[in-house]
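Have a look at the structure below before the remarks.
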Amino acid sequence: MPLLNSPTVSCFPILSSSSSSNSQGLITHGGFHRIEKPKHILCNKKSVVRNFSRNLDFVINAAAAAAAGAEGGASVDFDVPFPIDYTQLLYQAKEATESALKNNVQLMEIEFPTSGLESVPGDGEGGIEMTGSMQLIREFCDLVITPEKVTRTRIFFPEANEVDFARKSAFGGSSLKLDYLTKPSFFEDFGFGTKVKMADRVKPEDELFLVGYPYFNVNEMLVVEELYKEAVVGTLRKMIIFNGELDRIRSGYYPAFFYPKLAALTQSFLPKMETVYYIHNFKGRNGGVLFRSYPGPWKVIKRVRNKYVCVHKQEKMPSLKEVALEILPSA
């Protein structure tokens, strides 16, 4: 199985003033150097046996929920447990995505931490988190993309250097189409990137676009919206945004006065999106997790004696501020 024995990479961050690559496999994005180092993800038999019954229950519940969701089109409350590891997480994300695809959801979001299931964005170094997302995207594709769909799937990374790094590491030997959103230039150090016309990057046979972690440069998400408008709207194509940290935009992290185009996405782009799989951790005294697996409801859960207990459910996504200041403190 690809998920249990697949190539991955490790990396370390070094401060850098620009994006570049060289013949020795050194790649940068957002000022972080990353060096390829092959290894394998191993899963022992005890772990497989321990997870089997839990995953079996999930499969049964997910199948029933998908059928009900297809009939009624509404969220269905079925019990998807908080994952115990990334193996189970990817399987849950696969089931949620396939349910959404069956219901003809066209624009999807998958978001979860990569530095540990209980981590938050920023716990890991930027380069390490991006490399982790790259490897998890490969494993997710191995689960979701059938052999006949491989050549019809296009994966977009933030910039051209990331594509080169992916081909040398996580996506080595893969037939999946790899592409990029922006192309680094001399002017990148001054906040400018080279414009790439997205319509030119799409081929007629493309059916699914998966966009990986477009969050470091504010222009990357604007290009994602362009891709959606030019190549997805009005077609049968589907798009998945994988670990795009869209909560930065939702929460107003980027002031509208300085980033009007980015702020406008909360009205023009984000409302069209279905979050099919999501984990956001809250630390501190009133810590907890906001969790969702399509087509189920949004759940706020807390960890109690090594178990996760649901303390709140609702159909629509609550704001992170609401969860942190109202739901968790009153749980």
Side-chain angles (χ1 to χ4, degrees), residues 58 61-62 64-83 89 92-113 117 120-121 211 214-215 221 224-225 228 232-233 238-254 256 262-283 286-303 308-331:
F58 168 72
N61 289 330
E71 293 178 0
S75 171
V76 180
D77 187 3
F78 67 105
D79 184 24
V80 178
F82 188 81
L89 181 152
Q92 291 176 348
K94 165 189 177 292
E95 293 293 322
T97 301
E98 290 179 345
S99 295
L101 290 172
K102 289 178 181 177
N103 288 339
N104 292 316
V105 177
Q106 195 166 32
L107 180 59
M108 292 159 275
E109 174 192 16
I110 294 175
E111 182 72 38
F112 58 86
L117 295 182
V120 297
V211 183
Y215 62 81
M221 189 54 65
V224 174
E225 183 193 30
Y228 173 72
V232 178
V233 174
K238 306 294 191 297
M239 175 186 283
I240 301 172
I241 299 177
F242 197 104
N243 281 350
E245 292 197 14
L246 297 178
D247 287 327
R248 293 187 182 188
I249 302 175
R250 293 188 183 104
S251 64
Y253 176 85
Y254 300 103
L262 205 60
L265 296 181
T266 59
Q267 303 297 324
S268 64
F269 185 56
L270 299 189
K272 301 172 184 177
M273 189 177 304
E274 183 74 57
T275 303
V276 297
Y277 194 82
Y278 182 93
I279 294 175
H280 183 94
N281 291 296
F282 297 83
K283 294 186 175 183
N286 295 314
V289 186
L290 179 59
F291 178 59
R292 201 240 176 160
S293 182
Y294 180 91
W298 289 86
K299 299 190 289 187
V300 178
I301 57 181
K302 291 181 70 71
R303 185 167 185 170
Y308 286 97
V309 179
C310 179
V311 298
H312 179 84
K313 296 180 183 179
Q314 65 183 65
E315 292 298 309
K316 294 184 178 180
M317 180 184 187
S319 69
L320 299 185
K321 183 177 180 180
E322 180 184 357
V323 176
L325 301 182
E326 298 177 21
I327 299 175
L328 283 172
S330 63

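Everything quoted here is computed from the prediction, not taken from an experiment.
- Not one N or O on the side chain of E274 forms a donor-acceptor pair closer than 3.5 Å with the backbone of V276.
- S251 and R248 make their closest contact through OG-O, 3.4 Å (heavy atoms, listed as atom of the first residue, atom of the second, distance).
- A 6.0 Å sphere centred on NZ of K283 holds more than 12 heavy atoms belonging to other residues, nucleotides or ligands.
- Of the possible donor and acceptor atoms, one in the side chain of N281 sits under 3.5 Å from a partner among the backbone N and O of L117.
- The CG atom of L262 lies 9.5 Å from the CD atom of E225; values are rounded to the nearest 0.5 Å.
- To the nearest 0.5 Å, atoms OG1 (T275) and OH (Y294) are separated by 11.5 Å.
- Between P318 and E322, the closest heavy-atom pair is CB-OE1, 3.6 Å.
- Contact detail for P271 and L265: the closest heavy-atom pair is CD-O, 3.9 Å.
- Atom CE of M221 is separated from atom CD1 of I241 by 4.5 Å, given to the nearest 0.5 angstrom.
- In this structure, the separation between CZ on F282 and CG on L325 is 9.5 Å, given to the nearest 0.5 Å.
- Partners of F242 according to the ring-ring contact (aromatic ring centres under 6.0 Å, His included) rule, which considers only residues two or more places apart in sequence or in another chain, are F112, F140.
- Atom CD1 of I279 and atom CZ of F82 lie 4.0 Å apart (nearest 0.5 Å).
- A salt bridge does not link E111 to R250: none of the charged nitrogens lies less than 4.0 Å from a carboxylate oxygen.
- When every heavy atom of I327 is checked against every heavy atom of S330, the shortest pair comes out as O-OG, 3.1 Å.
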Item to check | CA sep, side-chain torsions, deciding dist, call: Y278, L246, side-chain contact (heavy atoms from CB on, under 4.5 Å) | outcome: CA-CA 11 Å; Y278 182 93; L246 297 178; over 6 Å; no
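- If you run side chain to side chain contact (heavy atoms under 4.5 Å, CB included) between M108 and each of K238, M239, M273, only K238 comes through.
- Side-chain polar atoms of Y277 and Q92 form a donor-acceptor pair below 3.5 angstrom.
- For the pair K272 and V232, the minimum side-chain heavy-atom distance is 4.5 Å or more.
- In plain terms, the two heavy atoms of T266 and A263 that are nearest each other are OG1-O, 2.7 Å.
- Ion pairing between E98 and K102 fails under the 4.0 Å rule for side-chain N and carboxylate O.
- A side chain to side chain contact (heavy atoms under 4.5 Å, CB included) with V323 is found for exactly one of N286, V300, V289, namely V300.
- Taking CD of Q106 as the start and CD1 of I240 as the end, the distance is 12.0 Å to the nearest 0.5 Å.
- F291 and I301 get closest at one heavy-atom pair: CB-CD1, 4.3 Å.
- Remark: the backbone N or O of M317 is not paired with any side-chain donor or acceptor of R292 at under 3.5 angstrom.
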